[in-house]
Protein chains: 2
Amino acid sequence: MLAALANPHRLRIVATLATGGRNYVSQLAREIGISRPLLHLHLQKLEAAGLVVSQLELSPDGKALNYFEVTDFGLELTPATIAQAAKSLTAHSEQ
Amino acid sequence: MLAALANPHRLRIVATLATGGRNYVSQLAREIGISRPLLHLHLQKLEAAGLVVSQLELSPDGKALNYFEVTDFGLELTPATIAQAAKSLTAHSEQ
DNA sequence: ATCATGTGTAAATAATATCTTACAGGTGTA
DNA sequence: TACACCTGTAAGATATTATTTACACATGAT
């Protein structure tokens, strides 16, 4: 989850969805100003982390639109919460 | 700051310092089980993000020990706080 | 048929991050 | 002198992430 948020693009994506509400991929790509394939990749990472969810819908004119919206996640980051969370890290495995 | 915490090693470093208190580089490397140069690199990133601070001290037998300790940082991660924080991201600059 | 819209993904490249190894210097003690 | 501990960093290899470009497929309208 932290890795998913450690990227300016993805922060902006979450911020845009949180502020402007749900949106579909192509439109979101235009608003943020990045290419659609790149946005698609970032959305995949955000969805894998549970920060956004997608729902396929049909527009009035019959086109398939994949709408994304932000989930109501919450995480507090302090030395204490990290000490607690670090216990769930496998012994000495990385990445 | 998010980038600094998006790494298992660095999470463990923060957790170890938060739980066991201040420690110097070589000793911390032994406790965590990673090489000293690698720990040094991660400590640099954590310090640059303001998550830890260092202080050079002299041990009783005259050796220079660089002690690190965690700061009392705090950050709440929700869609709303991210929307707020995203405003401070430069227009369309990355990384 | 062609164009404009939407979807997805694969492949190649570019840019970062991570990690190891090796070096250089310091102090104190045997 | 040699060894044990401490410090730092630079160079190179490896791994991961980010980004672009190109492709394939679908629908509705011209």
Side-chain angles (χ1 to χ4, degrees), chain A residues 1-14 16-17 22-49 51-69 89-95, chain B residues 1-14 17 22-49 51-69 86 89-95:
Chain A
M1 175 172 175
L2 285 171
L5 290 175
N7 177 285
H9 277 330
R10 293 197 287 270
L11 281 180
R12 203 177 333 257
I13 292 168
V14 169
T16 302
L17 289 177
R22 61 204 300 271
N23 205 347
Y24 65 94
V25 183
S26 291
Q27 178 61 24
L28 186 57
R30 283 188 293 265
E31 290 184 11
I32 295 183
I34 64 178
S35 72
R36 189 178 54 79
L38 181 54
L39 174 61
H40 184 267
L41 178 132
H42 286 312
L43 284 173
Q44 277 185 327
K45 299 202 174 188
L46 288 172
E47 190 167 31
L51 301 175
V52 302
V53 290
S54 67
Q55 191 172 4
L56 204 61
E57 292 184 12
L58 287 181
S59 67
D61 62 342
K63 280 166 189 155
L65 306 183
N66 201 8
Y67 275 88
F68 278 83
E69 63 184 320
L89 289 176
T90 315
H92 271 178
S93 73
E94 269 67 61
Q95 306 305 57
Chain B
M1 175 171 174
L2 285 171
L5 289 175
N7 176 286
H9 276 332
R10 293 197 287 269
L11 282 181
R12 193 168 294 123
I13 292 169
V14 169
L17 288 177
R22 62 203 300 272
N23 205 347
Y24 64 94
V25 184
S26 292
Q27 177 61 24
L28 186 57
R30 282 189 293 265
E31 290 184 10
I32 294 181
I34 64 179
S35 72
R36 189 178 55 78
L38 181 56
L39 174 61
H40 185 266
L41 177 127
H42 286 311
L43 283 173
Q44 278 185 326
K45 298 201 173 189
L46 287 172
E47 190 167 30
L51 302 175
V52 303
V53 290
S54 66
Q55 192 173 5
L56 204 60
E57 294 184 13
L58 286 181
S59 67
D61 62 342
K63 281 165 190 158
L65 305 183
N66 200 8
Y67 275 88
F68 278 82
E69 63 184 319
L89 289 175
T90 316
H92 272 179
S93 75
E94 271 66 64
Q95 306 304 60

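Contact annotation: the side chain of K45(B) never approaches that of H9(B) to less than 4.5 Å [non-hydrogen atoms, C-beta and beyond]. Residues I34(A) and R12(A) fail the side-chain proximity criterion, which asks for heavy atoms closer than 4.5 Å. Residues L11(A) and L2(B) have side chains in contact (heavy-atom distance under 4.5 Å, counting atoms from C-beta outward). Between V53(B) and E69(B) the shortest side-chain heavy-atom distance falls below 4.5 Å.
Taking CD1 of I13(A) as the reference point, atom CD1 of I32(A) lies at 4.5 Å (rounded to 0.5 Å). Expressed to the nearest 0.5 Å, how far CG of L65(B) lies from CZ of R22(B) amounts to 9.5 Å.
Side chains of E47(B) and S54(B): a donor-acceptor N/O pair is present below 3.5 angstrom, by distance only.
Not counting sequence neighbours, the partners of A49(B) by the side chain to side chain contact (heavy atoms under 4.5 Å, CB included) test are A4(B), L51(B). Taking the ring-ring contact (aromatic ring centres under 6.0 Å, His included) definition, one finds that Y67(B) meets it with Y24(B), sequence neighbours left out.
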For N23(A) and T16(A), run side chain to side chain contact (heavy atoms under 4.5 Å, CB included): C-alpha distance rounded to whole Å, both residues' side-chain angles, the deciding distance at 0.1 Å, then the answer. CA-CA 9 Å; N23(A) 205 347; T16(A) 302; 5.7 Å; no
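Of the residues in residues 39-48 of chain B, H40(B), Q44(B) come within less than 4.0 Å of DNA chain D through at least one heavy atom, sorted by number. Residues from residues 54-61 of chain B with heavy atoms under 4.0 angstrom of DNA chain C, sorted by number: D61(B).
Heavy-atom minimum distance, L89(A) versus P8(B): CD1-O, 3.8 Å. The two atoms that bring R36(B) and S26(B) nearest to each other are CD-OG, 3.3 Å, heavy atoms only. Scanning both residues, L17(B) and V52(B), for their nearest heavy atoms gives CD1-CG1, 4.1 Å.
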Dump the pairs, protein N or O against N or O of nucleotides 3-6 of chain C, anything under 3.5 Å, distances to one decimal.
from   : atom 1 : to     : atom 2 : distance (Å)
dG6(C) : OP1    : Y24(A) : OH     : 3.0
dG6(C) : OP1    : R30(A) : NH1    : 3.3
dG6(C) : OP1    : R30(A) : NH2    : 2.7
dG6(C) : OP2    : R30(A) : NH1    : 2.9

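To the nearest angstrom, C1' of dA15(D) lies 13 Å from CG of L38(B). Straight-line distance from the CG atom of N7(A) to the P atom of dA15(C): 16 Å, rounded to whole Å. As a whole-Å value, the separation of F68(B) CZ from dC6(D) P is 15 Å.
Helix bend of the helix from dA1(C)-dT30(D) to dA30(C)-dT1(D): the angle between its two end axes, each built from five pairs, comes to 30° after rounding to 10°.
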